[in-house]
Every structure is written in structure tokens, then in C-alpha cells.
Amino acid sequence: MKITWLGHASFRIEIADAVLLIDPWLTGNPSFPDDRRAEALAGATHILITHGHFDHTAELDEIARETKATICAIPEIGTVAEAMGYAVIDFNKGGTIDAAGAAVTMVNAVHSSSIATKDGVIYGGTESGFMISGEGHTIYVSGDTDVMADMEWMGDFYKPDIGILCAGGHYTMGMAAAAYAAKRFFDFKTVIPCHYKTFPALAQSAQPLIDGLPGVDVKTPAVMDVLTF
């Protein structure tokens, strides 16, 4: 299994027979090197969207067209994608889909969701995260969220060993809060922070997360570094 950070909240996860793109946003993403776009998108089978904000969906149309990957999202976002003519699997919280051998379950998050269109801002359903299982691992992709009580049962029920956690603060939980959530609700072996360093308002260092999780392998890869599990 391979996990590649594409900058901000975007990831590429190669698991089972799937190549999953999580909230892919490349063009306009200050963290992403434009000359590595083809490498980031190569072989994509599914695009997973956590919510509708621009830094998660601004390139959905372009990337879906380039990759022909199936878009997997909450029904409100799925409806928008279907209207664009793309293959869609719409599901909702508690639902699990098969993504080329990887089991993807949509779980709760606490944030907001809307989609900017040429006709104005429209309702984007509700924000979500994902539990992704395959190859002996379960990955918790938090999506944009604050700490929430639901994390307690989610950690107990799904038992993820890898956490991809938003941790930049301002729009989501910050580094210290993410460390608290990881200790309080989960038993991660590995944590990967995201949604940080992209803009001045966000945390620029993951050190508070690292300091707050002794004994946990907190990985802070450079953009396009490949983590192998």
C-alpha cells in the first residue's frame, strides 16, 4: 500500500487494485509542483470527495475528465458530478462501497460544505470523512473537521491504524487538538497531518502534533513523497 501527499488535503492512495484520489486539488494548490501532475493522476480509479469547498473540489471537473475515474461522494455532490456527465457512486454516512477491492466507508465530520458554481454557491450536502480498508490496514481520512465525540465510537468500531488528520487550525482542528483526538479516541500506529502550510492562516509546522504523540510514528512527507506500508 502506498500513500502520497499531494499537498494541502489532497492524497493519492494505492490500495488493493484501487488508486484513490482524495480531494484532489492540484492546479492552484500552492503546495503542488505543476510539473508532476501526470504522475499524481496516473492510473486513478476513484476520486473520493469529503465536502464541497473549493480547496477540495475546484478541479473535480478537470481531473474526472482527465482520469475517467469514478467520483465517490455524498449524494448532493454526486448529483452535481452526474450532471457533468461523470461516473458516480453516491453514498452516505455509514455506507460502505467497494472501490476495486478497497472498502470505503463514509463517516461523520464536523465542518460545513458548499459548492461554488458559475450560478452561485449551492448546498453541498454535509461534510464527511472516510475509513478505507485493505491490505491489512484501515486508514482514517478525517476530512475537514474539529474534534468530535463521534471519534470515540469510530475509533473503537473501525480500529484504524493510520490517521490522515486535518491539523492546520483556523478552518479545522489544529495540531494540538489533532494530537488530543489521536490519543483520546484512536490507537494509531501512524499519523499523517494535512491541511497545513498551504496558506498563512494555517499552521506551518507539525511539531506540536509530533510532540503530542510520543510513541506514534508521525510522518510529515514532502509533497509527492511516497510512503509505503
Side-chain angles (χ1 to χ4, degrees), residues 1-29 32 34 36-109 111 113-135 137-144 164 194 224:
M1 185 179 73
K2 296 178 179 178
I3 298 176
T4 306
W5 188 36
L6 306 181
H8 196 56
S10 303
F11 282 85
R12 173 189 172 96
I13 301 177
E14 299 171 50
I15 181 171
D17 293 321
V19 177
L20 310 177
L21 300 178
I22 314 296
D23 290 342
W25 174 47
L26 307 182
T27 300
N29 179 347
F32 185 79
D34 291 339
R36 302 190 70 178
R37 180 183 182 87
E39 182 182 350
L41 300 182
T45 60
H46 298 78
I47 300 170
L48 275 57
I49 300 297
T50 64
H51 67 291
H53 290 160
F54 83 94
D55 51 336
H56 301 256
T57 63
E59 269 205 293
L60 182 58
D61 189 5
E62 292 83 353
I63 290 175
R65 186 184 316 115
E66 286 180 45
T67 64
K68 307 293 192 294
T70 299
I71 297 168
C72 307
I74 206 160
E76 289 80 0
I77 293 176
T79 297
V80 173
E82 283 180 335
M84 296 176 184
Y86 299 120
V88 171
I89 300 174
D90 66 342
F91 64 131
N92 217 311
K93 295 170 188 179
T96 302
I97 62 171
D98 175 36
V104 179
T105 302
M106 185 179 291
V107 296
N108 199 28
H111 192 58
S113 181
S114 59
I115 306 168
T117 74
K118 66 181 187 307
D119 300 316
V121 175
I122 62 174
Y123 177 57
T126 57
E127 59 280 5
S128 65
F130 298 109
M131 294 286 179
I132 302 169
S133 296
E135 298 190 31
H137 295 280
T138 296
I139 307 162
Y140 171 44
V141 177
S142 73
D144 285 10
I164 296 178
C194 67
M224 291 301 293

**Report entry** Distance, nearest 0.5 Å, that separates CD of Glu62 from CG of Leu41
**Finding:** 11.0 Å
Requested in this report: Report the distance from atom CZ of Phe11 to atom CD1 of Ile132, rounding to the nearest 0.5 Å.
Outcome: 10.5 Å
Query raised in the report: Are Lys68 and Tyr86 side-chain neighbours, meaning at least one heavy-atom pair lies under 4.5 Å?
Result: no
Query raised in the report: Under the 3.5 angstrom rule, does the side chain of Arg12 hit a backbone N or O of Ala40 as a donor-acceptor pair?
Result: yes
Query - Flag, side chain of Tyr123 to backbone of Glu76, donor-acceptor distance under 3.5 Å - result: no
Query - Glu14 side chain vs Met1 backbone, donor-acceptor pair below 3.5 Å - result: no
Query - From Ile97, Asp90, Val104, Leu20, residue fulfilling side-chain contact (heavy atoms from CB on, under 4.5 Å) relative to Cys72 - result: Ile97
All N/O donor-acceptor pairs, side-chain side in residues 42-49, below 3.5 Å, sequence neighbours left out:
| unit_1 | atom_1 | unit_2 | atom_2 | d |
| --- | --- | --- | --- | --- |
| Thr45 | OG1 | Val19 | N | 3.0 |
| Thr45 | OG1 | Val19 | O | 3.2 |

Query raised in the report: Within the distance-only criterion (no hydrogens, no angle test), does the side chain of Thr70 pair as donor or acceptor with the backbone N or O of Ala87 below 3.5 angstrom?
Result: no
Query raised in the report: So, His8 and Asp55: side-chain donor and acceptor under 3.5 Å apart, yes or no?
Result: yes
Query raised in the report: Taking the side chain as C-beta and beyond, is there a heavy-atom pair between Ile164 and Ile13 under 4.5 Å?
Result: yes
Query raised in the report: Are the side chain of Thr105 and the backbone N or O of Gly94 linked by a donor-acceptor pair below 3.5 Å?
Result: no
Query raised in the report: Is there a side-chain contact between His111 and His53, using heavy atoms and a 4.5 Å cut-off?
Result: yes
Query - Thr57 (side chain) donor-acceptor with Leu60 (main chain) under 3.5 angstrom - result: no
Query - Pair Thr50-Asp23, side-chain donor/acceptor within less than 3.5 Å - result: yes
Report task. Report yes if the side chains of Ile139 and Met131 come closer than 4.5 Å at any heavy-atom pair, otherwise no. Result -> no
Query raised in the report: Within a strict 4.5 Å, meaning less than it, do heavy atoms of the Pro75 and Asn92 side chains meet?
Result: yes
Query raised in the report: Can Thr27 and Glu59 be counted as having a side-chain donor-acceptor contact under 3.5 angstrom?
Result: yes
Requested in this report: Please examine the side chains of Arg37 and Leu6, heavy atoms only from C-beta on, and report whether any two atoms are closer than 4.5 Å.
Outcome: no
Query raised in the report: Side chains of Lys93 and Thr126: does their closest heavy-atom pair fall under 4.5 Å?
Result: yes
Query - Centroid-centroid distance, Phe54 to Trp25, less than 6.0 Å - result: yes
Query raised in the report: Do Thr79 and Ile77 have side-chain heavy atoms sitting under 4.5 Å apart?
Result: no
